[in-house]
Asks: 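After the structure tokens below, expect a handful of questions from me.
Given the structure is predicted, the values throughout are model-derived calculations rather than measurements.
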Amino acid sequence: MRVLVLALTVLALSACQKPAGSADPTQTDSTQADSMPTAKSDTGPAPAASPANPLLPPERVLRSDAIGYDGFNGSDRAGTVSAKFGADSASVRQAWGGEMKDNRDQRPDATCHLLYPVRGAVTHQYGFLMAGDKLAGIDVYDAKAIAPGGGRIGMSIAEINQTYAGQTQQVANPNFEGSAFIEVAAPQARHSQLTFETDALGTVTHWRISERGTLDTSESCTR
């Protein structure tokens with residue numbers, strides 16, 4: 001009987017002992033964890049830049065002060081006037097240096113027509129007002145362009161009056177109720193005028209420099 005009990009005791013102790021080198025499956029060896037490769041965060045390649053539309057010519061980049069009291073500056077040099085007021089259509093086209101269209105056929109009996117740059121089917125943000133084929137004014141719808149003296153699209157009437165203190169005159173716009181023209185006479189006795197057009201909320205939507213007495217302030221050469 002003692003032999004049987006002793007044998008059972010030895011057998012129980014042997015079952016409780018772990019073999020050398022065995023690991024507890026509930027625990028992770030730190031050395032083994034450190035040696036495991038870290039998963040990489042792959043977000044894919046960076047999105048490629050949108051290619052330029054091959055159907056459109058390159059966008060025309062102008063100086064911010066390209067429109068002045070004497071006309072249009074199509075060069076990259078400050079103070080240059082490529083097409084002065086009074087220049088003909090051929091001179092304006094050459095000064096612009098890109099594709100331009102006009103609405104002469106739609107206004108055969110009108111005193112003026114519009115000469116405008118285009119990119120494909122997109123009308124550019126400048127309109128050259130031609131009175132009898134002579135450059136009489138330039139409309140600017142480009143928010144990056146700066147008018148002589150510092151005015152620009154997006155300004156309020158109060159900001160325009162402050163920018164051109166003592167030089168402005170406000171005139172109601174007969175074509176759009178509530179909107180107005182803010183006129184600024186050119187300095188140094190130049191025969192031209194700067195005009196800002198506002199919407200009904202008093203915000204500048206575009207501006208124009210034109211020869212005085214050649215076109216009515218509200219004339220757009222489009223209607």
Side-chain angles (χ1 to χ4, degrees), residues 52 56-104 111-120 122-155 159-160 162-165 167-169 181-198 204-222:
L56 293 179
E59 184 175 1
R60 181 78 157 84
V61 178
L62 297 177
R63 293 180 56 89
S64 61
D65 57 351
I67 313 301
Y69 284 115
D70 295 320
F72 170 66
N73 177 11
S75 74
D76 57 359
R77 300 190 306 273
T80 301
V81 183
S82 306
K84 292 185 178 182
F85 288 119
D88 60 16
S89 296
S91 299
V92 173
R93 291 177 183 272
Q94 182 178 5
W96 179 260
E99 182 187 4
M100 302 187 82
K101 295 183 179 180
D102 65 63
N103 65 342
R104 189 193 297 263
T111 58
C112 73
H113 67 277
L114 193 65
L115 183 61
Y116 54 98
V118 294
R119 294 187 66 237
V122 182
T123 302
H124 205 278
Q125 295 172 304
Y126 297 85
F128 294 79
L129 308 164
M130 309 299 295
D133 202 42
K134 300 295 182 183
L135 179 60
I138 307 171
D139 279 342
V140 180
Y141 297 86
D142 186 354
K144 299 185 297 294
I146 303 174
R152 63 172 66 209
I153 292 171
M155 280 187 168
E159 289 173 322
I160 293 294
Q162 182 179 6
T163 302
Y164 301 92
Q167 308 173 55
T168 62
Q169 178 181 355
F181 296 111
I182 310 298
E183 300 177 349
V184 181
Q188 302 174 357
R190 284 187 173 90
H191 193 63
S192 56
Q193 177 176 290
L194 170 62
T195 304
F196 296 92
E197 183 171 344
T198 76
V204 173
T205 57
H206 72 281
W207 52 273
R208 167 189 296 182
I209 294 183
S210 59
E211 284 192 305
R212 284 183 294 168
T214 304
L215 294 173
D216 183 79
T217 302
S218 61
E219 173 61 76
S220 66
C221 298
T222 60

Asks: So which atom in Tyr69 and which in Ala185 form the shortest heavy-atom distance, rounded to 0.1 Å?
Replies: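 Here Tyr69 and Ala185 meet closest at OH-O, 4.2 Å.
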Asks: So, using side-chain contact (heavy atoms from CB on, under 4.5 Å) as the criterion, who are the partners of Ser210 when residues are at least two apart?
Replies: Arg208
Asks: Who pairs with Asp216 by side-chain contact (heavy atoms from CB on, under 4.5 Å), at least two apart in sequence or on another chain?
Replies: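 Only Ser218, Glu219 meet the side-chain contact (heavy atoms from CB on, under 4.5 Å) criterion with Asp216.
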Asks: What I'd like to find out is whether the side chain of Val92 reaches to under 4.5 Å of the side chain of Phe72, using heavy atoms alone.
Replies: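 No, their side chains stay 4.5 Å or more apart.
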Asks: By salt bridge (Lys or Arg N to Asp or Glu O under 4.0 Å), which residues pair with Arg212, not counting sequence neighbours?
Replies: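 Testing Arg212 for salt bridge (Lys or Arg N to Asp or Glu O under 4.0 Å), a comparison that skips the adjacent residues, returns none.
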Asks: When rounded to the nearest 0.5 angstrom, what is the spacing between CG in Leu129 and OG1 in Thr222?
Replies: 9.0 Å
Asks: If the condition is side chain to side chain donor-acceptor pair (under 3.5 Å), which residues does Ser192 pass it with, not counting sequence neighbours?
Replies: none
Asks: State the CD1-OG1 distance between Ile182 and Thr195, to the nearest 0.5 angstrom.
Replies: 9.5 Å
Asks: Shortest non-hydrogen contact from Ala131 to Thr214?
Replies: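 Ala131 and Thr214 have their closest heavy atoms at CB-CG2, 3.9 Å.
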Asks: Could you give the distance from OG (Ser64) to CD1 (Ile146), rounded to the nearest 0.5 Å?
Replies: 4.0 Å
Asks: Restricting to side chain to side chain donor-acceptor pair (under 3.5 Å), what partner residues turn up for Thr163, sequence neighbours left out?
Replies: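 With sequence neighbours excluded, Thr163 shows a side chain to side chain donor-acceptor pair (under 3.5 Å) to no residue whatsoever.
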Asks: Could you tell me if the side chain of Glu197 sits less than 4.5 Å from the side chain of Asp139, heavy atoms only?
Replies: no
Asks: To the nearest 0.5 Å, what is the distance between CD1 (Ile160) and CD (Gln167)?
Replies: 11.5 Å
Asks: Distance check, rounded to the nearest 0.5 Å: Ile138 atom CD1 versus Ile67 atom CD1?
Replies: 4.0 Å
Asks: Do any N or O atoms from the side chain of Asn103 and from the backbone of Cys221 form a donor-acceptor pair under 3.5 angstrom?
Replies: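 Pair found, side chain donor or acceptor close to backbone of Cys221.
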Asks: Would you say the side chain of Glu159 lies within less than 4.5 Å of the side chain of Val204, judging by non-hydrogen atoms?
Replies: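 No, side chains not in contact.
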Asks: Got a sec, which residues hit ring pair (Phe, Tyr, Trp, His ring centres under 6.0 Å) with Phe85, two or more places apart in sequence or on another chain?
Replies: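 Listed in chain order: nothing, the list is empty.
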Asks: Can you list everything that forms a side-chain contact (heavy atoms from CB on, under 4.5 Å) with Thr111? Sequence neighbours excluded, please.
Replies: none
Asks: Would you say Ile209 and Gln193 make side-chain contact, with heavy atoms under 4.5 Å?
Replies: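 No. Closest side-chain heavy atoms not under 4.5 Å.
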Asks: Go through the structure and list residues passing ring pair (Phe, Tyr, Trp, His ring centres under 6.0 Å) with Tyr164, not counting sequence neighbours.
Replies: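 If we apply the ring pair (Phe, Tyr, Trp, His ring centres under 6.0 Å) test to Tyr164, skipping adjacent residues, the hits are Phe196.
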Asks: Under the rule for ring pair (Phe, Tyr, Trp, His ring centres under 6.0 Å), what residues qualify as partners of His206, not counting sequence neighbours?
Replies: Tyr141
Asks: Heavy atoms, side chains only, cut-off 4.5 Å: are Tyr126 and Trp96 in contact?
Replies: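 Yes; the side chains approach each other to less than 4.5 Å.
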Asks: What are the two closest heavy atoms between Thr80 and Ser75, and how far apart are they?
Replies: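 Closest approach of Thr80 to Ser75, heavy atoms only: CB-OG, 3.5 Å.
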Asks: Is there a side chain to side chain contact (heavy atoms under 4.5 Å, CB included) between Leu135 and Met130 once you walk through the steps?
Replies: CA-CA 5 Å; Leu135 179 60; Met130 309 299 295; 4.0 Å; yes
Asks: Return the minimal non-hydrogen interatomic distance between Leu194 and Pro148, and the atom names on each side.
Replies: CD2-O, 3.7 Å
Asks: Does a side-chain heavy-atom distance below 4.5 Å link Leu215 with Cys112?
Replies: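 Yes; the side chains approach each other to less than 4.5 Å.
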Asks: What closest approach, in Å, do Arg152 and Ala143 show between heavy atoms, and which atom pair accounts for it?
Replies: NH1-O, 4.2 Å
Asks: Counting C-beta onward and ignoring hydrogens, is there a side-chain heavy-atom pair between Asp133 and His113 closer than 4.5 Å?
Replies: yes
Asks: According to salt bridge (Lys or Arg N to Asp or Glu O under 4.0 Å), who are the partners of Asp65, at least two apart in sequence or on a separate chain?
Replies: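 Residues passing salt bridge (Lys or Arg N to Asp or Glu O under 4.0 Å) with Asp65: Arg63.
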Asks: About how many Å separate CZ of Arg93 and CD of Glu99, when rounded to the nearest 0.5 Å?
Replies: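 Answer for the CD-CZ pair, Glu99 versus Arg93, is 9.0 Å.
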Asks: Keeping to residues at least two apart or across chains, list the salt bridge (charged side-chain N to carboxylate O under 4.0 Å, His left out) pairs with something in residues 72-86.
Replies: none
Asks: Excluding sequence neighbours, so at least two apart, what forms side-chain contact (heavy atoms from CB on, under 4.5 Å) with Gln169?
Replies: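 For Gln169 the side-chain contact (heavy atoms from CB on, under 4.5 Å) partners, ignoring immediate neighbours, are Val171, Glu183.
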